[in-house]
Each structure stands twice: as structure tokens, then as C-alpha cells.
Amino acid sequence: MGVDVSMTVSAAPAEDLSVLSGLTEITRFAGVGTAVSDTSYSQPELLEILDIEDPKIRSVFLNSAIDRRFLTLPPESPGGGRVSEPQGDLLDKHKKLAVDMGCRALEACLKSAGATLSDLRHLCCVTSTGFLTPGLSALIIRELGIDPHCSRSDIVGMGCNAGLNALNVVAGWSAAHPGELGVVLCSEACSAAYALDGTMRTAVVNSLFGDGSAALAVISGDRRVPGPRVLKFASYIITDAVDAMRYDWDRDQDRFSFFLDPQIPYVVGAHAEIVINRLLSGTGLRRSDIGHWLVHSGGKKVVDAVVVNLGLSRHDVRHTTGVLRDYGNLSSGSFLFSYERLAEEGVARPGDYGVLMTMGPGSTIEMALIQW
């Protein structure tokens, strides 16, 4: 993970933070892995494939700070165009993609952690791009032949922020089961949440999201693990904007449809300082003490609003903007794609602090404080 194990020494401030977090055992990141669907498209390619000529919609695609995204588009119609798939087909697509990408991300994550499928003791799966019963965790356990005694949990429908909600849950599980390996797995088949209706509401969504899965392995009670440890979480729901991001039933199209209020980037940005202040409260840390920022790749305007309101530099969010450029918004797993890039970069040093930040429906902001 880019850090010498022999140098992982507990700093006094971090010990104080472990008490604040309520965790008797400190949970550490042990490995990370990612996967995407089979085919990527540039934004200009998508405009041509989807036969989009409206200049306003074309501008949304071309000014998104996204170069390419991995998507599984609808099959060509007899006339050569693409049409919206019925909800049943989209649910089938979600199941196929979420399981396939999830299995590959999980295997890559365990390899990164130096572990095998037989080491896994808890699997927490996150998805918001489809509904499955039994859940994604059960399907992946069956698909990979994981021990059926493996405990599991599924977080469904929380949206782009849900990866940190899941990490909070698994960190608690890990603290109660020291020495045992848990995994947070976010698998989002955003291709299964798309509509093609020519409206600006749909265009904003279609210009932004991509398919992707990311897995993070965690373990407590083992100081030999070189990854950062989880120190504290903070959450905030902007209840006045609870409907600003939603995925609900569209009666006109007879299917689910995602909605993003145009003002949501500014709403999230304006409230980000409230959450970071709560996260750092009682820690003795200032914002300037944070060396690494891993922010959800929610979109250009969202990232810009966070940068301005938290006083960050473009370098601080280089992994966030890089993931947005190369993959688009990957929903709940975006921040783990950024963490993987930071881990591969190898610049984090023992004692460094980092903040993870995700945003999603609610409207919700989630943060976590970590230390290497």
C-alpha cells in the first residue's frame, strides 16, 4: 500500500481519536480493488451514438470534465438508434453487471490485501442502481464459492454517499471481531438506471454516471497492516434538500428515473464546512493538518463547490478529478477509486491524516477521518 510496515507507529493524537470514535479496536484499510464494465465511450462518441443534436444537451456532455465512461448501452434498434429499455430489462442488466463487476473488484481487493476468499468473514455490499432479493452479497457469495457461513449485509438505495455509510458499519463489525477480515463492496451498474427521453433532466444524468465496482478490505487488531486506520466519522443530512437528489418512479415512462436539482452542487458546497468542522471537533486538528483529501467524484460543479468552500487546492482533489475524467461519477464506489490511486501513488507517510468525503441523496454529506 506504499507504506513501510515497520514505520507504522501509533501517534498520541490518533490514540485520543480512537477513544472519540468509540472503537475499542482500530480498523485499518488492508487492501483495495476496482473493476468496470466492458466498454468505454468518450462523451463525443456518446452524443453520436445517442443521436443527440440539441446544443444545450450537447454542451452538458462536452463541459462535464469527463473524457470517458464505462457503460453498457441499450442494443441497437432495427432503425439503428438506441431506445430506453423496459424496467425489467434494466433490472436484469443491473444483476448481471453488479455481480460480474463486484466479483472482479472483490478478488482484486483480496489480492491487494494478500488474502484469499477463504479469509473473508464479513461482506457488506452497496448498490443503488437496482434492487435484488436475495441481495448482492448472497449472489456474490454463491458466484465465487465463498464460505456460506460468511456474515453479510446489504445497503441498498442510499445513493452516492453510501460507501462511507457502509464503511462505518463494517468498521464497527471489525472492531467487534479483531483479526477477522471484512470487505465493503460498492457495485453500481449505472447503465441500468438510464432513460433516453430527450429531456434536460435525463440528459444531466446521462452525461455523468458510469459503471464501476470498488472493494475495500478492513481489519482491526493487527498493527502489521500498513494501510490507514479509521479514526472518526461525521454525517449530515440537509433535510431542506431531501428531494434534490432522488431516484423514484416515473409514471410517464413506467420506470425508475433519477433526478438531480441544478442547485445541488451549491447546496452541498455550502454545507461541507459544517461537516468537516464536526469531524475535526475535539481532535486538536485543523483543516490544514489534513494531507490527503478523497472526495466523491460527483461532478465538476460539485467538486468545484467543495474546493471553494473548504479552501482546497486542485492538487488536493487530483485523484477525485482524475477519476471523474476517466470514469465519470461511479456513485457509491467513486471515493474508493480515488483511494486506490492515492495508494498506488505511494505519497502517504506514517502520521499523515486524510479525509474521505461522499455526498448523495438526502441530501447527505458523509465524512471519515483516517491516519496512516
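Both backbone and side-chain heavy atoms feed into the values below; hydrogens, waters and symmetry mates do not.
Hydrophobic cluster membership differs between V242 and V302, with clusters built from Ile, Leu, Val, Met, Phe, Trp and Tyr side chains linked at under 4.5 angstrom. Note: the hydrophobic cluster containing L117 also contains L123 (ILVMFWY, side chain heavy atoms under 4.5 Å, direct or indirect links). By the criterion of side-chain heavy atoms lying less than 4.5 angstrom apart, applied directly or through intervening Ile, Leu, Val, Met, Phe, Trp or Tyr residues, L312 is grouped together with L324 in one hydrophobic cluster.
Note: R104 CZ to I140 CD1 = 11.0 Å, rounded to the nearest 0.5 Å. Separation of atoms CG (L167) and CG (L164) is listed at 6.0 Å; rounding is to 0.5 Å. Annotation: the span from S153 atom OG to I155 atom CD1 amounts to 6.0 Å, rounded to 0.5 Å. The line from SG of C124 to CG of L185 is 8.5 Å long, rounded to the nearest 0.5 Å.
Using modelled atom types, one finds a donor on one side chain and an acceptor on the other under 3.5 Å when comparing N165 with E366. N206 and T202 are not linked by any side-chain donor-acceptor pair at a separation below 3.5 angstrom, with hydrogens and angles left out of the test. No side-chain N or O of T320 forms a donor-acceptor pair with one of H296 less than 3.5 Å apart. Side-chain atoms of N329 and S297 form no donor-acceptor pair, as typed in the model, at a separation below 3.5 Å. Using modelled atom types and a 3.5 Å distance limit, the side chains of Q43 and R68 yield no donor-acceptor pair.
Between D89 and K93 there is no salt bridge, since no side-chain nitrogen of the basic residue lies less than 4.0 Å from a carboxylate oxygen of the acidic one. Using a 4.0 Å cut-off between charged nitrogen and carboxylate oxygen, R341 and D326 count as a salt-bridge pair. A salt bridge does not link R314 to D316: none of the charged side-chain nitrogens sits closer than 4.0 Å to a carboxylate oxygen. A salt bridge is absent between E273 and R278; no separation between the charged side-chain nitrogens and carboxylate oxygens falls under 4.0 Å.
In this structure, the side chains of Y194 and T72 stay at 4.5 Å or more apart for every pair of heavy atoms. The shortest side-chain heavy-atom distance between H292 and D352 falls under the 4.5 Å cut-off. Using a 4.5 Å cut-off on side-chain heavy atoms (C-beta onward), T27 and R229 make no contact. Using a 4.5 Å cut-off on side-chain heavy atoms (C-beta onward), W173 and V169 make no contact. In this structure the side chain of L208 never reaches within 4.5 angstrom of the side chain of V204, judged on heavy atoms. Side-chain contact between V83 and L196: absent, with no pair of heavy atoms (C-beta onward) separated by less than 4.5 Å. For the pair T116 and L110, the minimum side-chain heavy-atom distance is 4.5 Å or more. Put simply, the side chain of L71 does not reach to within 4.5 Å of the side chain of T39, judged on heavy atoms.
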Chi angles and distances behind the salt bridge (charged side-chain N to carboxylate O under 4.0 Å, His left out) call for E48, R58: CA-CA 10 Å; E48 298 311 308; R58 291 181 68 89; 3.5 Å; yes
Output, in order, the C-alpha distance, side-chain angles, deciding distance and verdict of salt bridge (charged side-chain N to carboxylate O under 4.0 Å, His left out) for D92 and K96. CA-CA 6 Å; D92 291 342; K96 181 179 184 298; over 6 Å; no
What do the steps show when you test V126 against S332 for side chain to side chain contact (heavy atoms under 4.5 Å, CB included), and what is the final call? CA-CA 7 Å; V126 180; S332 63; 3.6 Å; yes
Quick one: do E180 and I219 satisfy side chain to side chain contact (heavy atoms under 4.5 Å, CB included)? Show the steps, please. CA-CA 6 Å; E180 297 187 8; I219 193 168; 6.0 Å; no
Go through the steps to decide whether V183 and L106 satisfy the test side chain to side chain contact (heavy atoms under 4.5 Å, CB included), and finish with yes or no. CA-CA 8 Å; V183 169; L106 176 57; 3.7 Å; yes
Stepwise side chain to side chain contact (heavy atoms under 4.5 Å, CB included) check, V308 with Y266: CA-CA 10 Å; V308 169; Y266 313 109; over 6 Å; no
Would you please test K95 and D100 for salt bridge (charged side-chain N to carboxylate O under 4.0 Å, His left out) and show each step? CA-CA 8 Å; K95 182 177 181 179; D100 174 67; over 6 Å; no
Between R246 and D248, is the salt bridge (charged side-chain N to carboxylate O under 4.0 Å, His left out) condition met? List the steps. CA-CA 6 Å; R246 61 183 190 270; D248 52 17; 2.9 Å; yes
N/O donor to acceptor pairs below 3.5 angstrom from side-chain atoms of residues 355-365, sequence neighbours left out:
from, atom 1, to, atom 2, distance (Å)
T358, OG1, N161, O, 3.1
S363, OG, A241, O, 2.8
T364, OG1, P361, O, 2.7

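Residues T127 and L136 share a closest heavy-atom pair of CB-CD2, 4.5 Å. Residues L97 and S191 share a closest heavy-atom pair of CD1-CB, 4.3 Å. Between L369 and L285, the closest heavy-atom pair is CD2-CD1, 3.9 Å. Here the closest non-hydrogen pair linking A217 and A113 is CB-CB, 4.2 Å. When all heavy atoms of T34 and E340 are compared, the closest pair comes out as OG1-OE1, 2.9 Å. Here the closest non-hydrogen pair linking A244 and I264 is CB-CD1, 3.6 Å.
With a 6.0 Å radius and a threshold of 12 heavy atoms from other residues, nucleotides or ligands, E143 has its CD atom at or below the threshold. Heavy-atom contacts from other residues, nucleotides or ligands closer than 6.0 Å to CD1 of I237 number 12 or fewer.
No option in L50, I49, L47 other than I49 meets the side-chain contact (heavy atoms from CB on, under 4.5 Å) test with Y41.
Looking at E188, its side chain does come within 3.5 Å of a backbone N or O of S128 through a donor-acceptor pair. Between the D289 side chain and the R286 main chain, a donor and an acceptor come within less than 3.5 Å of each other. Side-chain atoms of R152 never come within 3.5 Å of backbone atoms of H149 as a donor-acceptor pair (strictly under, hydrogens ignored). With hydrogens and angles disregarded, a donor-acceptor distance shorter than 3.5 Å links the side chain of S187 to the backbone of A98. For the pair R82 (side chain) and P74 (backbone), a donor-acceptor distance under 3.5 Å is present. For the pair K301 (side chain) and Q263 (backbone), a donor-acceptor distance under 3.5 Å is absent. Proximity of a side-chain donor or acceptor of S220 to a complementary backbone N or O of S174 within less than 3.5 Å is detected. Panel note: side chain N63, backbone V60; no donor-acceptor pair is recorded below 3.5 Å. S59 contributes no side-chain N or O that, together with a main-chain N or O of P55, makes up a donor-acceptor pair within less than 3.5 Å. Formation of a donor-acceptor pair under 3.5 Å by the R121 side chain with backbone atoms of S151 is not found in this model.
Listed by chain and residue number, H315, L342, E345, V347 satisfy the side chain to side chain contact (heavy atoms under 4.5 Å, CB included) test with R318 (two or more places apart in sequence, or in another chain).
Between W293 and H319, the distance from one ring center to the other does not fall under 6.0 angstrom.
Its side chain within the 4.5 Å cluster rule, V323 clusters with V36, F70, Y327, L330, F337 among the Ile, Leu, Val, Met, Phe, Trp and Tyr residues.
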